[in-house]
Novice: 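Below you'll find the structure I mean.
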Amino acid sequence: MQKIGIIGGGQLGRMLVEAAKNLGFYTVVLDPTPNGPAAQVADKEIIGDFKDASKIKEVADQVDFVTFEIESANADALNDLVGEGKDINPHPKILETIKDKYLQKKFLEKNGIPVADSVEVSDEEEIKKAGTVFGYPFLLKARKDAYDGRGNALIKNEIDIKDGIVKLKDRTLYVEKFVPFVKELAVVVGRSKNGEVKVFPAVETIHKNNICHIVISPAPVKKDITQKAEELATKIIADFKGVGVFAVEMFLTEKNELVINEIAPRVHNSGHHTIEGNKTSQFEQHIRAITGMPLGDTGHTAPFSVMINILGERSGEVKLEGEEKLNEIKGATMHIYGKSETRPERKMGHITVVGDDLIEVLEKARLARSIISI
Ligand code: ATP
Ligand code: MG
């Protein structure tokens, strides 16, 4: 049986393992927390930090394919292992570029991809100067290890700069011009080892407090916009020569222009609906891509699918309630990630609803979420 090692063992790892098991692979997961979401379903868990080179090697030494579910995986250690002949995808060099949001922006710019203007900053003076050039508001962002908006500060005026510096203290920063968007879109795209590319239909993502809240598939925008979004995502993954599934987050402006926000070199929250909403899920597609299998059909299974996240609302032990009532909502499927502790805004699970009518599907998704507590 061929074996896959996954660096990182959260919910993305869990859904990757589930897909890998369905395709007949043996799975090994590396994560610092014992019995986390992915380890619960994997064949084997190795407990250790995903930055720990010796632990990453321990995984790589016992599998045929290595991949990761988290950007903070140690790119240097992975790269050394590629040098030793290990099969690691996406290539650690891509991870290295993408995990530093500023380097990522410059890479995209160099390849002619539309992105917001950005500049490196190292102190308050430089941030002020960037404000003068870009205008207010702008975003002060941590270059690395940012997720769910936790590495971002919106700077509305000069007075906000000090608070931004405090919020993001001890991190290397850059400033990004504010993009006044009307919608946020995302495109998940898979590319296999032989260069075959299959793109999932573009979706709309709705954020709340900087965290992905709802995903609507397909994005309710004009066809020429989704087409352009899908073409851009396809070009980006080809520019990176990426193997695996990538997610491309973008802004749609009032003038119907698309500006790329950022790339994730991995499966992504904006693709969770594909488990029920598409013929192949983003997780299966990733496993197919990294193991050299042909890519699966990304077409819809129903006209619409809507995914709503189940975020924690309190701190403490998990206590799932309301799931028996979900059966009454036709077309709804719930995924619980198996985390033992809940916390405000922690991603605990998600619900996907599929159906023929977008308004109805959206209403059902909101209703389903409201009857669940965790
Ligand atoms: P995630 O983990 O959800 O991808 P993140 O921590 O990587 O989040 P970003 O994607 O940089 O953070 O930003 C989070 C959200 O903040 C975006 O989805 C968008 O709503 C808003 N945002 C980020 N950059 C800009 C910008 N330049 N102009 C306007 N809004 C922005
Ligand atoms: Mg983002």
Side-chain angles (χ1 to χ4, degrees), residues 8 10-12 68-73 95 97-109 113-121 127 130-131 133-156 160 164 167-168 171-188 202-216 219 229 233 236 245-255 257-273 282 307-311 345-348 350:
Q11 65 269 17
L12 301 177
F68 46 86
E69 58 116 69
I70 187 156
E71 275 96 334
S72 53
L95 174 63
T97 305
I98 288 183
K99 73 190 289 180
D100 181 331
K101 287 187 173 198
Y102 181 72
L103 289 186
Q104 181 195 134
K105 284 247 142 59
K106 294 299 141 182
F107 175 91
L108 294 171
E109 251 171 31
I113 303 292
V115 289
D117 289 341
S118 59
V119 63
E120 289 176 277
V121 291
I127 298 171
V133 179
F134 292 163
Y136 290 85
F138 63 80
L139 279 116
L140 182 62
K141 292 193 179 185
R143 286 175 62 160
K144 286 186 182 173
D145 297 335
Y147 68 100
D148 294 343
R150 283 172 221 191
N152 292 356
L154 180 68
I155 310 293
K156 293 194 277 311
D160 283 349
K167 180 181 173 192
L168 305 173
R171 308 178 69 167
T172 45
L173 304 175
Y174 77 101
V175 162
E176 195 179 294
K177 201 168 171 171
F178 185 83
V179 180
F181 59 84
V182 290
K183 273 182 198 293
E184 289 188 78
L185 306 182
V187 177
V188 171
V203 299
E204 177 178 2
T205 56
I206 300 170
H207 290 73
K208 212 157 100 181
N209 298 332
N210 270 310
I211 302 181
C212 177
H213 173 50
I214 286 178
V215 172
I216 302 173
I236 291 168
V245 157
F246 287 61
V248 180
E249 299 177 9
M250 40 187 114
F251 302 119
L252 176 66
T253 69
E254 218 164 72
K255 290 181 196 150
E257 283 160 352
L258 290 168
V259 177
I260 302 302
N261 173 21
E262 61 169 350
I263 319 296
R266 55 168 169 82
V267 288
H268 192 258
N269 204 165
S270 61
H272 290 0
H273 65 284
Q282 64 164 343
M307 189 278 334
I308 187 160
N309 272 336
I310 302 174
L311 303 180
E345 307 212 305
R346 187 175 197 201
K347 289 175 176 167
M348 304 303 293
H350 73 264

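Computed from heavy atoms alone, side chains included, the values below leave out hydrogens, waters and symmetry copies. The structure presented is a predicted model; accordingly, all values stated were derived computationally and were not measured. We count ligands from 1, going down the list as the structure has it; atoms in each ligand are counted the same way.
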Novice: Students should be able to answer this: which protein heavy-atom is nearest to atom 27 (N) of ligand 1, and at what distance?
Specialist: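 Minimum-distance protein heavy atom for atom 27 (N) of ligand 1 reads Glu176 OE2, 2.8 Å.
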Novice: Which residue supplies the protein heavy atom nearest to atom 24 (N) of ligand 1, what is that atom called, and how far is it?
Specialist: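 Heavy-atom neighbour on the protein nearest atom 24 (N) of ligand 1: Lys141 NZ, 3.0 Å.
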Novice: Of the protein's non-hydrogen atoms, which lies at the shortest distance from atom 25 (C) of ligand 1, and what is that distance?
Specialist: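 Heavy-atom neighbour on the protein nearest atom 25 (C) of ligand 1: Leu139 CD1, 3.2 Å.
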Novice: Starting from atom 10 (O) of ligand 1, what is the nearest protein heavy atom, named by residue and atom, and what distance separates them?
Specialist: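 Protein heavy atom with the smallest distance to atom 10 (O) of ligand 1: Glu262 OE2, 2.7 Å.
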Novice: So, applying side-chain contact (heavy atoms from CB on, under 4.5 Å) with Leu258, which one of Leu252, Thr253, Ile113 is it?
Specialist: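 Among Leu252, Thr253, Ile113, the one that satisfies the side-chain contact (heavy atoms from CB on, under 4.5 Å) with Leu258 is Leu252.
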Novice: Give the numbers and elements of all ligand 1 atoms closer than 4.0 Å to a heavy atom of Lys101.
Specialist: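 Within the 4.0 Å cut-off of Lys101, ligand 1 contributes 5 (P), 7 (O), 9 (P), 11 (O), 12 (O).
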Novice: Examine His268 against ligand 1 and note whether any of their N/O atoms are separated by less than 3.5 Å.
Specialist: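 There is no such contact.
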Novice: Evaluate Gly149 for polar contact with ligand 1, using N/O atom pairs at a separation under 3.5 Å.
Specialist: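 For ligand 1, there is an N or O atom that lies under 3.5 Å from one belonging to Gly149.
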Novice: Please list the nearest protein heavy atom to atom 20 (O) of ligand 1 with its residue and the distance rounded to 0.1 Å.
Specialist: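 Its nearest protein heavy-atom neighbour is Glu184 OE2, 2.7 Å.
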Novice: If I compare all heavy atoms of Phe68 with all of Arg266, which pair ends up nearest, and what's the gap?
Specialist: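 Result for this residue pair: O-CB, 4.2 Å.
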Novice: I need the OE1(Glu249)-the Mg ion (ligand 2)-OE2(Glu262) angle, rounded to 10 degrees.
Specialist: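 That angle works out to 100° after rounding to 10°.
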Novice: Under a 4.0 Å N-O cut-off, is there an ion pair linking Lys101 with Glu176?
Specialist: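 Judged by the 4.0 Å cut-off on N to carboxylate O distance, Lys101 and Glu176 do not form a salt bridge.
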Novice: May I ask which of Phe251, Tyr147, Phe134, Phe178 has a heavy atom nearer to atom 31 (C) of ligand 1 than the others do?
Specialist: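 Minimum heavy-atom distance to atom 31 (C) of ligand 1 goes to Phe251.
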Novice: What's the shortest heavy-atom distance between Val248 and Ala233, and which atoms?
Specialist: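 Closest pair (atom of Val248, atom of Ala233, distance): CG2-CB, 3.8 Å.
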Novice: Which heavy atom of the protein is the closest neighbour of atom 14 (C) of ligand 1, given with residue, atom name and distance?
Specialist: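 Nearest neighbour among protein heavy atoms for atom 14 (C) of ligand 1, to 0.1 Å: Asn210 OD1, 3.4 Å.
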Novice: To the nearest 0.5 Å, what is the distance between CD on Glu71 and CG on Asp145?
Specialist: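 The CG atom of Asp145 is 9.0 Å from CD of Glu71, to the nearest 0.5 Å.
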Novice: In terms of atom number and element, which parts of ligand 1 are under 4.0 angstrom from non-hydrogen atoms of Phe181?
Specialist: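 Answer for ligand 1: 20 (O), 29 (C), 30 (N).
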Novice: Write out the residue and atom name of the closest protein heavy atom to atom 28 (N) of ligand 1, then the distance separating them to 0.1 Å.
Specialist: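 For this ligand atom, the closest protein heavy atom is Val179 N, 2.8 Å.
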Novice: Examine the side chains of Asn309 and Lys208 and answer whether a donor and an acceptor come within less than 3.5 Å of each other.
Specialist: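 There is no such pair between these side chains.
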Novice: Give the residue and atom name of whichever protein heavy atom lies nearest to atom 1 (P) of ligand 1, and the separation in Å to one decimal.
Specialist: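 Atom 1 (P) of ligand 1 sits closest to the protein heavy atom Asp148 N, 3.6 Å.
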Novice: Which bit of Lys177 is near ligand 1, meaning a heavy atom under 4.0 Å away: side chain, backbone, both or neither?
Specialist: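 It is the backbone that gets close, since no side chain atom is under 4.0 Å.
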